[in-house]
Amino acid sequence: MIKKTLFFYAVLFSTTVLIAQSTLIRMPSISPDASKMAFSFDGDIWVLDLQTNQPKRLTIHQAYESSPIWNSESNQLVFTSNRRGNTNIFKTGLNGGIPKQLTYYPTTDTPSQWNADGEIIFSSNRIYKGTERETSIYKINENGETPNRFMTALGSQASISPNGNLVAFVKGTCRISREDYNGPAQRDIWIYNIKTQEYHQITTSNKNDHSPFWDAQSNLYYIGAESGRYNIYKTVLNTNGSKSSTENKLTDLKVNGVLSYSVSNNGTIIYNSGLDVFKIENGSTSKVNLNLATDNRFELEETETVSNGIKDLNVSPNGKLIALSINGEIFVKENNKDKKKTNNVSNNPFKDDNPFWIDDNTLGFLSDRNGQNELYKVVSTDDKVNLSRSLKTKVTKLTKSKIDVFEPLVSPNGKKISYRIGRGQLVIADLKEGEIVNVKSYSDTWAAAEGVSWSPDSKYIAYSQDDLNFDSEIYIQSIENPSKKINVSMHPRSDSSPAWSPDGKKLSFVSNRAGDRGGINYDTWMIWLQKSDWEKTKTDFEEGDYYSSKEDVKSKDEKKVVAVKIDEDKIYDRLVQLTNWAGNESGRFFSADSKSIYISALDATTVKMVCIN
């Protein structure tokens, strides 16, 4: 972790070091004799004595090391490490020392079994990898030498039965992390009979099944997601390797599924779920308690001065403060170029970003500090200073969602906030005395409402959303009447990133619908929300309407209240293409007088201005 001093163009930034104790271990692997558990933690390989509960660190290296696999005598391990650049297989004993590298191929090699004959079975992305992304299966002697192809079938996670006749392996390429995947790329458990050279498919669920292991009695174990969460199953096969009718579900997890597991010779199982590790022994499940307090491998704090990586800049309603995020922390500074010092107001090892002002003294932000993305707020508890200097702050959780929250956006009048829940639910809520209340759903479908933009009078939102043909359209939706949803783009090409003009009369967006380049590039378009504005000539805009009444003529000093009016009838016919340049455009925003629009063009580093009227 890094401790930085930044200034704005540099921001004062500090982090705290997270000391993990009994959580976040990966790939627990029980030894064949069930006396020890190897695992990956802090990027290194560890071993826990299950009788004494004493952990021991076997490797200490800046590289990332994982996937430990035991030999049959329970006294050596192989594991993966990228200490030489590629993810290859290394071997070490229980006394530690410098590991021996076994594979050297410039790809990823992942061990799955170390059998009693001294052969290490592993999956590899090397030359025999299939066009369908399926890996190939190899073997290598425990002393090194040249790896050889173990079996001609493509697959992964292969392991040989105790009698040496059957090979269990996995076919399918869906990422294991997609627990609820249901489709043609799902993983299944297969058996290859070495003597008869026959293949038998063991699992037929449309969900992922993976990680086959054997115990000494030739019972087969695997992880399956048929129940909706990854659970461990045990099955007894026929002698030829075909599936029998005997199958038991050993776990019944409904919230956090099994991340990974392993099986000893006597059928004792170690698995991790969520942040915890569990052991199943003689049908009884117990939690494995770990104490992994340890010194750092190298210095985790350093001081740097940087001038990039700043994002999500947001100015307070009164214009006096600026909030911004950088490297997962939220900072506040005075809106004064001569005052460079900033204040870290989130100060948490988890990721904090998307700051937004609820009022002049209350800053909201997004954080995953409680396990998932939720909205929080921070205020100064020191009455004498604001958030740009306060050392006494209070953070409060604003939302209590069942799934992740994203993309908070406060309305221009500061009375409402929009945000997304999960994949595709857009909600809008009231902001009342610094709290989020009266949450109401405005769109809840498989396709997220993207690029949400508030109208200047806070009565409408605009956003882009895919239809069933994966075509992105621009919609305007009423806040008072959510059922009133207007498709303003109406075109089979992609339209996205809507932005309102300050006068509330125009809406810009980008589209690849037109141009002599055949719809390859995204250009800037604009729609006139009122038909009368669309019908005006250039002279009308320059000189004013000829028939304007005296009541319509406002004093220059008189502030005009914006009220958005939308003529819905054939609104998609009132589109104007503003640009027809080579390359894509993005980042549009209107000038304060709504007469010009600024566009990021070409490589997104060049800003151009286009006059509208």
Side-chain angles (χ1 to χ4, degrees), residues 1-18 301 303 305-306 309-370 372-401 405-419 429-439:
M1 196 165 293
I2 299 175
K3 185 176 182 179
K4 296 183 178 178
T5 302
L6 309 169
F7 295 95
F8 186 72
Y9 302 94
V11 183
L12 184 63
F13 172 91
S14 66
T15 66
T16 57
V17 177
L18 175 65
E301 293 188 0
T303 300
T305 299
V306 300
I310 299 170
K311 63 177 185 177
D312 298 328
L313 189 145
N314 205 314
V315 181
S316 63
N318 61 11
K320 294 182 178 181
L321 300 177
I322 295 176
L324 54 131
S325 66
I326 183 169
N327 288 348
E329 295 286 350
I330 306 296
F331 302 90
V332 176
K333 72 175 297 290
E334 291 187 48
N335 190 8
N336 186 330
K337 66 179 181 179
D338 296 325
K339 295 185 177 181
K340 299 178 180 179
K341 187 175 181 180
T342 62
N343 189 29
N344 186 341
V345 297
S346 60
N347 197 22
N348 192 278
F350 283 84
K351 184 180 180 181
D352 304 318
D353 56 16
N354 294 126
F356 58 93
W357 290 97
I358 298 175
D359 55 48
D360 292 326
N361 301 306
T362 308
L363 181 66
F365 61 93
L366 189 70
S367 178
D368 62 354
R369 60 184 62 193
N370 282 346
Q372 67 178 36
N373 285 343
E374 297 281 8
L375 299 182
Y376 293 78
K377 69 175 181 180
V378 58
V379 296
S380 171
T381 57
D382 189 337
D383 296 335
K384 296 181 180 180
V385 293
N386 58 35
L387 284 173
S388 68
R389 299 185 63 187
S390 178
L391 300 179
K392 298 178 180 179
T393 59
K394 180 181 179 181
V395 175
T396 306
K397 190 176 180 181
L398 292 175
T399 57
K400 296 180 180 178
S401 177
V405 172
F406 303 95
E407 301 165 1
L409 186 64
V410 177
S411 63
N413 63 11
K415 295 181 179 180
K416 292 184 180 293
I417 183 173
S418 67
Y419 56 91
D430 294 331
L431 286 173
K432 189 174 182 180
E433 298 180 354
E435 300 295 331
I436 292 178
V437 297
N438 301 326
V439 180

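These numbers come from the heavy atoms of this one structure, side chains and all, not from hydrogens, waters or symmetry mates.
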Does some side-chain heavy atom of Lys416 sit less than 4.5 Å from a side-chain heavy atom of Asp430?
yes
Pairwise salt bridge (Lys or Arg N to Asp or Glu O under 4.0 Å) hits with a residue in residues 380-398, at least two apart
none
Checking side-chain contact (heavy atoms from CB on, under 4.5 Å) against Phe365, which of Leu375, Asn314, Val395 comes through?
Val395
If you take all heavy atoms of Tyr419 and Phe406, which pair is closest and at what distance?
CB-O, 3.4 Å
So how far is it from Thr399 OG1 to Glu435 CD, rounded to the nearest 0.5 Å?
11.0 Å
Once side-chain contact (heavy atoms from CB on, under 4.5 Å) is applied, do any residues pair with Asp312, and if so which ones, sequence neighbours excluded?
Ser325, Asp353, Asn354, Pro355
How far does CG of Asn438 sit from CG of Leu431, to the nearest 0.5 angstrom?
10.5 Å
Nearest heavy-atom neighbours spanning Ser316 and Trp357:
N-NE1, 3.3 Å
Once you round to the nearest 0.5 Å, how far does CG of Asp352 lie from CG of Asn373?
10.0 Å
Give a yes or no on whether the backbone of Asn318 and the side-chain of Asp360 come within a donor-acceptor separation of less than 3.5 Å.
yes
Could you check Leu366, Asn327, Asp368 and say which one makes a side-chain contact (heavy atoms from CB on, under 4.5 Å) with Lys351?
Asp368
Shortest non-hydrogen separation from Asp359 to Asn361 and the atoms involved
OD1-N, 2.8 Å
Return the NZ to CZ distance between Lys341 and Phe331, rounded to the nearest 0.5 Å.
13.0 Å
Between Ser380 (side chain) and Val385 (backbone), is there a donor-acceptor pair under 3.5 Å?
yes
Separation of Ile358 CD1 from Ile417 CD1 (nearest 0.5 Å)
6.5 Å
To the nearest 0.5 Å, what is the distance between CG (Asn335) and NZ (Lys320)?
11.5 Å
Within a strict 4.5 Å, meaning less than it, do heavy atoms of the Tyr376 and Leu398 side chains meet?
no
Minimum heavy-atom separation for Ser346 and Glu329, please, with both atom names.
OG-OE1, 2.7 Å
Would Asn413 and Ser411 count as having a side-chain donor-acceptor pair, cut-off 3.5 Å?
yes
Holding to side-chain contact (heavy atoms from CB on, under 4.5 Å), I want the full list of residues that pass it with Val345, two or more places apart in sequence or in another chain.
Ile330, Val332, Asn343, Leu363, Val378, Leu387
